[in-house]
Q: 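Sharing a structure below in structure tokens format, with a few things to ask.
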Protein chains: 2
Amino acid sequence: MRIGELADRSGASIRSLRYYEEQGLLASERSASGQRHYAESAVERVLFLRRLYAAGLTSSTIAQLLPCAYAPSTTTSDHAFDVMVEERAKLDAHIAELLHTRDAIDGFIAANRAHRGELISAQQ
Amino acid sequence: MRIGELADRSGASIRSLRYYEEQGLLASERSASGQRHYAESAVERVLFLRRLYAAGLTSSTIAQLLPCAYAPSTTTSDHAFDVMVEERAKLDAHIAELLHTRDAIDGFIAANRAHRGELISAQQ
DNA sequence: TCAGGGCCTGACACTGACGTCAGAGGCACG
DNA sequence: CGTGCCTCTGACGTCAGTGTCAGGCCCTGA
């Protein structure tokens, strides 16, 4: 498929797809005229890339761990494996932080609901 | 306390503290000469601000929901309350995404460990 | 009273993942 | 064969939070 279709199906913009390629995260076959062509599997790959971006990973970090994700058979992926384990740990810490933040917000929401409840009671 | 101490105790840079003030997120008393002075409570407030930033909230979003967090008694905080509830929902969705991503990474890690196990077995 | 560190404002630099525009060629369809 | 949509490269713009620098005032201790 061409880049427009991949964009539609993955939810990424055409600009983003070209950027991912520039960063070495997404390969493409080129037609004689230079147009990019992608296999079906590219859709899922882009979705995974977007997931990693959403998790706060940077392009270069993703580039480092990708070999681990897509070529577990290579012996050269020691670094990729280490990076992936490290990022998993960071992600875990980040999730814990977010849970804590969510609890804090829940506290404020509860306090407000209580106050609103009082207001409503007072009005009645 | 002055800005330098607040920076030390909150972990935020002096630059950031001034920026938070500029965005209406952090008030300060000014001395006659114009220097900022903060109460003890500012430390905790800055920590909360940093937590919200880390959760991906933007300055203006934080500014919108802060009244709800620090003045639940005002009747004017309807909008703040709505924003806070909305952000809590987004945060929840984000956490779910991250958990999903973590699972995906765990899958890759497991696949790699398995392969490494095979390698080690083959070497023995 | 001088030194040195903290603080002030204002402004420009930077980073990263894009948006967007310009100018040009590719490709299918009527 | 031309029209219209898709794609190409290259380059500059954007946004948000922050770093950093300049030029100058504040304030405490020797």
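Letters A, B, ... mirror the listed sequences (proteins, then strands); counts begin at 1.
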Q: Over how many whole Å does the gap from B:Ile62 atom CD1 to D:dG17 atom P extend?
A: 7 Å

Q: For residues 20-45 of chain B, which residue pairs pass the ring-ring contact (aromatic ring centres under 6.0 Å, His included) check, not counting sequence neighbours?
A: B:Tyr20-B:Tyr53

Q: When you check the gap from the basic side-chain N to the acidic O, do A:Arg30 and A:Glu21 get nearer than 4.0 Å?
A: yes

Q: Enumerate the residue pairs fulfilling salt bridge (Lys or Arg N to Asp or Glu O under 4.0 Å) with a member in residues 44-69 of chain B, sequence neighbours excluded, ordered by first and then second residue.
A: A:Glu97-B:Arg51

Q: For a side-chain contact (heavy atoms from CB on, under 4.5 Å) check, start with the C-alpha distance between A:Leu66 and A:Leu49, then their side-chain angles and the critical distance, and finish with the verdict.
A: CA-CA 9 Å; A:Leu66 269 191; A:Leu49 290 178; 4.1 Å; yes

Q: Atom CG of B:Leu25 and atom OH of B:Tyr70: how far apart are they, to the nearest 0.5 Å?
A: 10.5 Å

Q: Treating primed atoms plus P, OP1 and OP2 as sugar-phosphate and everything else as base, which nucleotides of nucleotides 2-9 of chain D get B, S or - for protein heavy atoms under 4.0 Å?
A: ----SSSB

Q: Roughly, in whole Å, what's the span from CG in B:Leu17 to P in D:dT18?
A: 9 Å

Q: What is the nucleic acid contact for B:Ser59, judged by heavy atoms within less than 4.0 Å: base, sugar-phosphate only, or nothing?
A: sugar-phosphate

Q: Applying salt bridge (charged side-chain N to carboxylate O under 4.0 Å, His left out), can you list everything that pairs with B:Asp92, at least two apart in sequence or on another chain?
A: A:Arg102, B:Arg88

Q: Do any side-chain nitrogens or oxygens of B:Thr58 fall under 4.0 Å of OP1 or OP2 in D:dA16?
A: no

Q: Run the salt bridge (charged side-chain N to carboxylate O under 4.0 Å, His left out) test against B:Glu22 and tell me which residues pass, sequence neighbours left out.
A: none

Q: Check whether any side-chain N or O of A:Tyr20 sits under 4.0 Å from OP1 or OP2 of C:dC18, and answer yes or no.
A: yes

Q: Answer yes or no: does a side-chain N or O of A:Tyr19 lie under 4.0 Å from OP1 or OP2 of C:dA17?
A: yes

Q: Considering only NZ, NE, NH1 and NH2 on the basic side and carboxylate oxygens on the acidic side, decide whether A:Glu87 and A:Lys90 come within less than 4.0 Å.
A: yes

Q: From the list C:dA17, D:dG19, D:dG17, which nucleotide is the closest neighbour of the side chain of B:Arg15?
A: D:dG19

Q: Please list, in numerical order, the residues of residues 39-51 of chain B that have a heavy atom closer than 4.0 Å to any atom of DNA chain C.
A: none

